[in-house]
Protein chains: 2
Amino acid sequence: MTDRSQSPRRRTSPSPQILRAVLRLRELILTGTLPAGQRVAELKVVDLVGVSRTPLRLAMERLEHEGLLARRPSGGFVVREFTLQEVQHAIELRGALEGVACRFAAEHRDDTGLDALDATVDELDRILHGQPESSTTFDEYVRLNAQFHEQLVRVAKTPLLGRLIEQVQGLPFASPSAFVQTQATSAESLRILIVAQEHHRTIAQAIRAGDGSRAELLAREHARLALRNLDAAVRDIDAFRRLPGGALVMLDEGRR
Amino acid sequence: MTDRSQSPRRRTSPSPQILRAVLRLRELILTGTLPAGQRVAELKVVDLVGVSRTPLRLAMERLEHEGLLARRPSGGFVVREFTLQEVQHAIELRGALEGVACRFAAEHRDDTGLDALDATVDELDRILHGQPESSTTFDEYVRLNAQFHEQLVRVAKTPLLGRLIEQVQGLPFASPSAFVQTQATSAESLRILIVAQEHHRTIAQAIRAGDGSRAELLAREHARLALRNLDAAVRDIDAFRRLPGGALVMLDEGRR
DNA sequence: TCGGCCTAGAATGCATGCAATTCGTCGAGC
DNA sequence: GCTCGACGAATTGCATGCATTCTAGGCCGA
């Protein structure tokens with residue numbers, strides 16, 4: 001249930017112990033339980049995740065590739081810290097990669113995949129035009145938004161590209177749904193949601209029309225909305241710190 | 001000596017045993033000693049690489065992330081097979097990513113980095129205008145060509161992008177220098193080299209001029225040269241099989 | 001003769017022991 | 001009082017043993 005969003009993430013399923021360690025470690029890192037920049041001692045986390053050192057080490061190797069852990073020259077791992085600029089770059093890179101996905105999709109022409117994409121866009125429309133305030137509504141929006149981006153990658157028919165996008169999305173705040181929760185309140189946020197949905201629709205249209213360049217530009221522009229959301233989220237530092245991964249980001253020239 | 005090109009590849013240096021296993025396994029895979037699609041039994045390769053199972057397993061996890069190994073659902077790893085289309089996608093993706101690097105570089109404006117880039121272009125010019133036939137000349141060209149692409153990523157000032165490009169380059173025939181050796185002979189190949197060098201120069205110019213879009217388009221076009229080289233290389237199947245990674249590529253609808 | 005089941009072998013995944021290295025701290029010397 | 005060095009604790013990296021799971025081959029039956 002809780003990791004429903006994880007299941008399509010990794011095509012390769014490691015053994016259960018490693019998977020458990022990866023999921024638990026990710027949680028510990030993103031919640032800030034394991035402080036950023038701090039060494040992750042194997043014996044210290046062995047009891048936190050409930051697996052032995054061997055699968056734990058495998059999991060840490062995996063998280064190193066995901067970018068959440070960094071290898072220390074002298075051995076062992078530390079929780080990676082991210083500058084705000086790195087987060088911005090990750091978002092921009094996601095946009096660039098999704099742009100490439102759009103271009104590939106426009107060239108490969110998978111009609112059934114495009115139908116599914118349109119269906120998701122329609123569902124999103126229904127959400128946005130319905131009653132605006134409801135927690136289940138927002139959950140549903142998050143789900144559909146993620147689904148749109150997954151389907152976008154799928155119609156690109158390029159598994160390698162999907163892997164790259166997954167890798168980028170593993171970084172803090174780089175996921176397409178990273179800021180949807182924070183958008184619940186302000187009027188500015190509502191405007192952004194409306195624009196985002198316009199992007200969704202026009203991206204799908206451009207792909208179907210075979211206009212890869214337009215779709216690519218739109219995808220990049222779409223990601224720039226996340227940049228604006230990031231700016232807004234950083235403004236309330238305390239709330240930002242409570243977001244998943246917020247504890248990993250250094251703000252104000254190296255502070256935390 | 002032989003792995004000189006590897007040293008700048010990975011920022012993160014694993015422990016010597018793991019590194020040894022990774023390098024040796026890569027070699028075994030790319031040379032086809034471990035046949036594509038076949039299971040890689042740990043005990044079988046333990047004596048081939050000279051390390052124990054634990055570091056070997058770490059190395060295999062790493063190669064899985066590189067894309068050369070795939071996890072089997074029932075456990076263990078197999079040597080990945082690549083379709084020709086996947087190789088083409090990898091090359092195109094490298095071009096797309098290098099294009100993004102160009103755009104970032106044009107925006108970030110690192111003059112000293114650009115000077116280094118220009119210097120490499122000048123050196124490449126000198127190589128191309130000198131005597132055309134010499135093995136050391138070709139080695140030097142390969143070195144400078146790789147250096148150009150490394151510096152290109154460096155001036156983008158986006159380490160994450162560098163990681164993605166490294167990941168793509170780890171796939172067979174996706175490296176910028178993958179086909180330079182095969183270009184020694186034909187007149188067509190010489191023309192491609194000339195055009196490639198023109199790309200190098202104009203890319204550097206466009207970045208310095210701050211014209212990210214032009215640089216991006218050129219980078220993508222540059223990668224398309226590799227696609228042409230791939231087509232040419234595939235024509236001589238026997239020679240292709242002897243290239244590093246050639247044994248991993250399935251040609252003709254699943255044959256080998 | 002072919003197909004399915006069962007069994008023996010093998011391979012993986014995991015846990016833990018051991019040695020080497022690193023890190024922190026305390027003490028001594030300047 | 002400060003710095004350098006050395007010792008001890010802690011941690012990593014590696015190797016190997018064991019249990020579980022998978023695989024392959026043979027045997028039996030149709």
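Each chain gets a letter, A, B and so on, in the order the sequences are listed, and its residues count up from 1. These numbers were taken from a predicted model, which means no experiment stands behind them.
A:Leu56 places its CG atom 16 Å from the P atom of C:dG13, with the value rounded to the nearest Å. Nucleotide C:dC14 holds its P atom 11 Å from the CG atom of A:Leu19, rounded to whole Å.
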Under 4.0 Å protein heavy-atom contact, by nucleotide of nucleotides 7-16 of chain D - B base, S sugar-phosphate only: ----SBBSBB
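Judged by distance alone, the side chains of B:Gln169 and B:Ser175 never bring a donor and an acceptor atom under 3.5 Å apart.
Under the 4.0 Å criterion applied to side-chain N and carboxylate O atoms, B:Arg24 and B:Glu27 are assigned as salt-bridge partners.
Applying the side chain to side chain donor-acceptor pair (under 3.5 Å) rule to A:Asp110 yields the partners A:Thr112, A:Lys157; only residues at least two apart in sequence or on another chain are considered.
Within the structure, side-chain hydrogen bond (donor to acceptor under 3.5 Å, both in side chains) contacts touching residues 87-98 of chain B (residues at least two apart or in different chains) are B:Arg94-B:Glu98, B:Glu98-B:His149.
Rounding to the nearest 0.5 angstrom, the gap separating the OG1 atom in B:Thr83 from the CD atom in B:Glu86 is 4.0 Å.
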